[in-house]
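Take a look at the structure set out below.
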Amino acid sequence: MLLNFQFDYFIENDEVLLRPLVADDVDNLMCFALHEPELWKYSLVSAAGEQGMKGYISSALEGRRLKKDYPFIVYN
């Protein structure tokens, strides 16, 4: 199966929802960037702090635009 980067894939079961990351998700993730900076210790791109999170999301969305990555946000 070839991945269609233009299509919004949603993956869901009784416990988790994965949906495509969007720029507005900065609001959903900012609390983790501000209050749990240790989450990003081993990440190639740190999302710690407000500017870090904005850069992280921007980089992820650029990866999708370039058809290199398909970023999801995960809810459980």
Testing the basics here: between [X] and [Y], what is the closest heavy-atom pair and its distance to 0.1 Å?
| X | Y | answer |
| --- | --- | --- |
| V45 | S59 | CG2-OG, 4.4 Å |
| A47 | A33 | O-CB, 3.0 Å |
| A23 | I57 | CA-CG2, 4.1 Å |

Supply the atom-to-atom distance [X] [atom1] to [Y] [atom2], rounded to the nearest 0.5 angstrom.
| X | Y | atom1 | atom2 | answer |
| --- | --- | --- | --- | --- |
| Q51 | S46 | CD | OG | 12.0 Å |
| D69 | L3 | CG | CG | 10.5 Å |
| D24 | L29 | CG | CG | 11.5 Å |

Heavy atoms, side chains only, cut-off 4.5 Å: are K54 and V26 in contact?
->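 Side chain of K54 against side chain of V26, heavy atoms only: contact under 4.5 Å found.
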Just wondering, do P20 and R64 contact through their side chains at under 4.5 Å, heavy atoms?
-> yes
Please check if atom [atom1] in [X] has more than 12 non-hydrogen atoms from other residues, nucleotides or ligands closer than 6.0 Å.
| X | atom1 | result |
| --- | --- | --- |
| I11 | CD1 | yes |
| N76 | CG | no |
| E15 | CD | no |

Yes or no on salt bridge (Lys or Arg N to Asp or Glu O under 4.0 Å) for E62 and R65, after CA distance, side-chain angles and deciding distance?
-> CA-CA 5 Å; E62 180 68 3; R65 188 187 72 75; 2.7 Å; yes
Are the aromatic ring centres of W40 and F32 under 6.0 angstrom apart?
->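 No, they do not, as the ring centres are separated by 6.0 Å or more.
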Would you please indicate if the ring centroids of Y70 and F72 are separated by under 6.0 Å?
->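 Yes.
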Taking N4 for its side chain and Q6 for its backbone only, find out whether a donor-acceptor pair lies under 3.5 Å.
-> yes
Same apolar cluster: L18 and V22, side chain cutoff 4.5 Å |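 Unlinked, L18 and V22 end up in two clusters.
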Take V16 and V74, measure what side-chain contact (heavy atoms from CB on, under 4.5 Å) needs, and give me the verdict at the end.
-> CA-CA 7 Å; V16 67; V74 180; 3.5 Å; yes
Applying side-chain contact (heavy atoms from CB on, under 4.5 Å), run through D25 and R19 and close with a yes or a no.
-> CA-CA 11 Å; D25 284 326; R19 71 153 173 79; 2.5 Å; yes
Do the side-chain N and O atoms of Y75 and N28 include a donor-acceptor pair separated by under 3.5 angstrom?
->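 Yes - a donor-acceptor pair under 3.5 Å links their side chains.
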Quick one: which of Y9, F10, F5 gives a ring pair (Phe, Tyr, Trp, His ring centres under 6.0 Å) with F7?
->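 Only one of Y9, F10, F5 forms a ring pair (Phe, Tyr, Trp, His ring centres under 6.0 Å) with F7, namely Y9.
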